[in-house]
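Chain letters run A, B, ... following the sequence lines, proteins first, then strands; residues in each count from 1. Values below: every heavy atom of this structure, side chains too, minus hydrogens, waters and symmetry copies.
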Amino acid sequence: MPSSGAIRTRYAPSPTGPQHIGGIRSALFAWLYARRHGGQFILRIEDTDRKRSVPGSVEMILAAFDWLGLDIDEGPHIGGPYAPYTQSERLELYRAAAERLVESGCAYKCFATAEELAEMRKAGGGYDRRYRDMPAAEAANLEARGQPYVIRFKMPLTGATVGEDMIRGEIRFENNKLQDAVLLKSDGYPTYHLAHIVDDHHMRISHITRAVEWLPSFPLHIQLWEALGWAKPQFAHLPVLLNPNGKGKLSKRKMKFADAAGQRVPVLVHEFSEAGYLPAAVINFLTNIGWNYGDNEEIFSVAQAIERFDLQAVNPANSAYPIAKLDWLNSQYIQRAPVAELCRLLRPILEASGYAVDAERLNRVAPLLQVRLKSLNDVVAMAGFFFADYESFQAPPADILIQRKMDGAGTAEVLRGAIPELERLDDFSHEAQHAAMLDYAKASGYRNGQVFGSLRAAVSGQKVSPPTFETMEILGKDESLRRIKLALASLADAGR
RNA sequence: GGCCCCUUCGUCUAGCGGCCUAGGAUGCCACCCUUUCAAGGUGGAGACACGGGUUCGAGUCCCGUAGGGGCUACCA
């Protein structure tokens, strides 16, 4: 059992499908705070809206945490001292709390029908509290007749509720602007408002972290904690991620395909792995939005973040989703990854594209790719040809072959002249090739870059490729020369 | 409409009254290096939303305006 002073944070998602990166960022902040203070991080499933529950969601949530390397101390999958961790299994607790509030006069049964509610809405304001002061006998009578009801909280009609937020400080709400919120629905399920308080209390949560959209109901929650007579935890309302253009909350629907440049932007956690991002890069990326490691250090590990993380230092402002920075960070992480690790990550991607991956070859190719990959997935386009059947190689079209400041005739001349020079080499190492091509370039009257660039395109078929001579070394002399000749043919076909 | 939150380069941010002629990163541009790509190096353009206060002094504190975001469900 944790001592009363233990730091305990939680992530409490609704099981409504794939995990959204915004939710995960909130979870990450809660997780970092718990780890920073040697506390516990709890996962709780808030499935009190039966209509919105999607089967398989819990597995997706767990997979997201697993991929990112965020460990969970207590949760529905592993249990814990305050189990169960799924709200639909804790209904009695909520019912008891609601009844206690009714008995103490802090809540009441409301028999308003859907039609009544609709009329009130049409009339302007919200619920007009028409059942708030109904005599107990009358209410008992309605109940006895089987009239369905909800339990509503009796919000104070006067005064103000002041909340303390770790990020923003004091926030003041006038009570007369607030409503009598539903605590227990007519199906016996609690609303979020009641359920999270009951659970956070029983689970000894010390810090409630949640997105800013919960700020408007903060006063309701404060009043509820007090009505229940429980000691309040600390609160931190986290800023949220906005769409890349800064307009509106980052949304699933809109973002799956859109950004300013019309490029696809990952929003769901599984899309990040699918897009070839490294989990460590994603964590670094997320941690740097709304919080920063400090002193101009952009790249840092989770362990480093844990050392310094503080909820009070979180920036209160929402942020546009700076997705371009993730590409840069990801390339940095790829550059720094050990070759063995990179191979391990690249292999399944190549295999998924249908390539048979030879371990030794991958080992030679991977280091050549490190400074060139933005995404792990780039390996397919950039280096797939190393693993393909050589027979299937297609000579690139002229526009790929002809480099900047070159024309078709010049390219053909350069390639044609290089053939005998390469053919002559007994040692086909990239060093030997380099030396030979340097001499050749000088003699040919073309610049090094013009010669090397033409060769790059000829043997790789690409404008961006691994280093040319290493590529040729791996392909071997015969295959390299074959490709140069194919390139010449391609140029001839194009009439250059 | 009402209520709440927010506001520094395009974007992510540093700044918690003098250290700011506002720093870093990304993106963009230029140059250098180079196996004309990529990476790397150097440099450049680029911001305190506006208006009032408070103060010897405000990006930093207060008020207002504007803009942005959110809530306003028997959803969370």
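At a threshold of 4.0 angstrom between heavy atoms, the contacts of Pro467(A) include nucleobase atoms, whether or not backbone atoms are also involved. Residue contacts shown for Met382(A) are absent, as no nucleic acid heavy atom lies under 4.0 Å away. Contact annotation for Leu438(A): no contact, since no heavy-atom pair falls under 4.0 Å across all strands. Here Pro15(A) lies out of heavy-atom contact (under 4.0 Å) with every strand. Contacts of Thr191(A) with the nucleic acid, taken as non-hydrogen atoms under 4.0 Å apart, involve only primed sugar atoms and P, OP1 or OP2. Heavy atoms of Thr468(A) sit under 4.0 angstrom from at least one base atom. Within the nucleic acid shown, Glu298(A) comes within 4.0 Å of at least one base atom, counting heavy atoms only.
Rounded to whole Å, the separation between the P atoms of C6(B) and U26(B) comes to 30 Å. For the C1' atoms, the distance from U60(B) to U55(B) is 13 Å, rounded to whole Å. Look at the P atom in both C5(B) and C29(B): the space between them is 42 Å, to the nearest Å. Rounded to whole Å, the separation between the P atoms of C16(B) and G52(B) comes to 26 Å. Using P as the reference atom, C3(B) and C12(B) are 28 Å apart when rounded to the nearest Å. Comparing the P positions of C48(B) and U7(B) gives a spacing of 16 Å, expressed to the nearest Å. Taking atom P in both A58(B) and G53(B), one finds a spacing of 12 Å when rounded to whole Å. If you take atom P in G70(B) and the same atom in G59(B), they sit 31 Å apart, rounded to whole Å.
A side-chain hydrogen bond (donor to acceptor under 3.5 Å, both in side chains) check over residues 49-59 of chain A, counting only residues at least two apart or in different chains, returns the pairs Arg50(A)-Asp187(A). A side-chain hydrogen bond (donor to acceptor under 3.5 Å, both in side chains) check over residues 442-455 of chain A, counting only residues at least two apart or in different chains, returns the pairs Glu413(A)-Tyr446(A).
Close to C74(B), at under 4.0 Å from its OP1 or OP2, lies a side-chain N or O of Arg152(A). OP1 or OP2 of A76(B) lies within a sub-4.0 Å distance of a side-chain N or O belonging to Thr48(A). Between Lys463(A) and the phosphate of A38(B), there is no side-chain N or O to OP1/OP2 separation shorter than 4.0 Å. Note on Asn288(A): every side-chain N or O is 4.0 Å or more away from OP1 and OP2 of C12(B). Dashed line: the shortest gap from a side-chain N or O of Ser319(A) to OP1 or OP2 of U13(B) is under 4.0 Å.
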Considering only nitrogen or oxygen atoms on both sides, find all protein atoms under 3.5 Å from nucleotides 68-71 of chain B and state each distance.
residue, atom, partner, partner atom, Å
G69(B), OP1, Gly248(A), N, 3.4
G69(B), O2', Asn318(A), ND2, 3.1
G70(B), OP1, Lys249(A), N, 3.1

Between N or O atoms, less than 3.5 Å apart, protein on one side and nucleotides 28-33 of chain B on the other: list the pairs.
none

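Non-hydrogen atoms lying under 4.0 Å from RNA chain B are contributed by nothing in residues 85-92 of chain A. Interface residues of residues 171-186 of chain A facing RNA chain B, ordered by number: Ile171(A), Arg172(A), Phe173(A), Lys177(A), Val182(A), Lys185(A), Ser186(A); criterion, heavy-atom separation under 4.0 Å.
In this structure, Leu455(A) and Phe469(A) have side chains that are in contact, with non-hydrogen atoms separated by less than 4.5 Å. Side chains of Glu298(A) and Gln332(A) form no contact here, defined as non-hydrogen atoms less than 4.5 Å apart. A 4.5 Å side-chain heavy-atom check between Met203(A) and Arg10(A) finds every atom pair outside the cut-off.
With a cut-off of 3.5 Å on both pairing distances, the Watson-Crick or G-U wobble partner of U26(B) is G10(B). For G64(B), the paired base is C50(B) (Watson-Crick or G-U wobble, both distances below 3.5 Å). Pair assignment for G1(B) gives U72(B), based on Watson-Crick or G-U wobble hydrogen-bonding distances that are each under 3.5 Å. Pairing partner, C31(B): G41(B), with both Watson-Crick or wobble hydrogen-bond distances short of 3.5 Å.
Salt bridge Lys477(A)/Glu479(A): absent, no basic N to carboxylate O contact under 4.0 Å. Using a 4.0 Å cut-off between charged side-chain N and carboxylate O, Arg364(A) and Glu473(A) make a salt bridge. Ionic pairing of Arg130(A) and Glu116(A) is present here: one or more N-O contacts between side-chain nitrogen and carboxylate oxygen are shorter than 4.0 angstrom. The residues Arg44(A) and Glu46(A) are annotated as salt-bridged, a charged nitrogen and a carboxylate oxygen being separated by less than 4.0 angstrom.
A distance-only check finds no donor-acceptor pair linking the side chain of Thr191(A) to the backbone of Leu184(A) [under 3.5 Å]. Looking only at distances, no side-chain donor or acceptor of Asp180(A) sits under 3.5 Å from a matching main-chain atom of Tyr127(A). Not one N or O on the side chain of Asn176(A) forms a donor-acceptor pair closer than 3.5 Å with the backbone of Leu157(A). In this structure, Arg308(A) contributes its side chain and Gln304(A) its backbone to no donor-acceptor pair below 3.5 Å.
Under the 6.0 Å cut-off for aromatic ring centres, Trp214(A) and Phe235(A) do not qualify, their centroids lying 6.0 Å or more apart. When ring centroids are compared, Tyr293(A) and Phe309(A) stay outside the 6.0 Å threshold.
Atom NZ in Lys51(A) sits about 7 Å away from atom C1' in C74(B), given to the nearest Å. Spacing between atom CG of Asn315(A) and atom P of C5(B) amounts to 16 Å, rounded to whole angstrom units. We find that CD of Gln335(A) is positioned 9 Å from C1' of A38(B), with the value rounded to whole Å.
Tyr333(A) and Asn284(A) share a donor-acceptor pair across their side chains, judged by distance under 3.5 Å alone.
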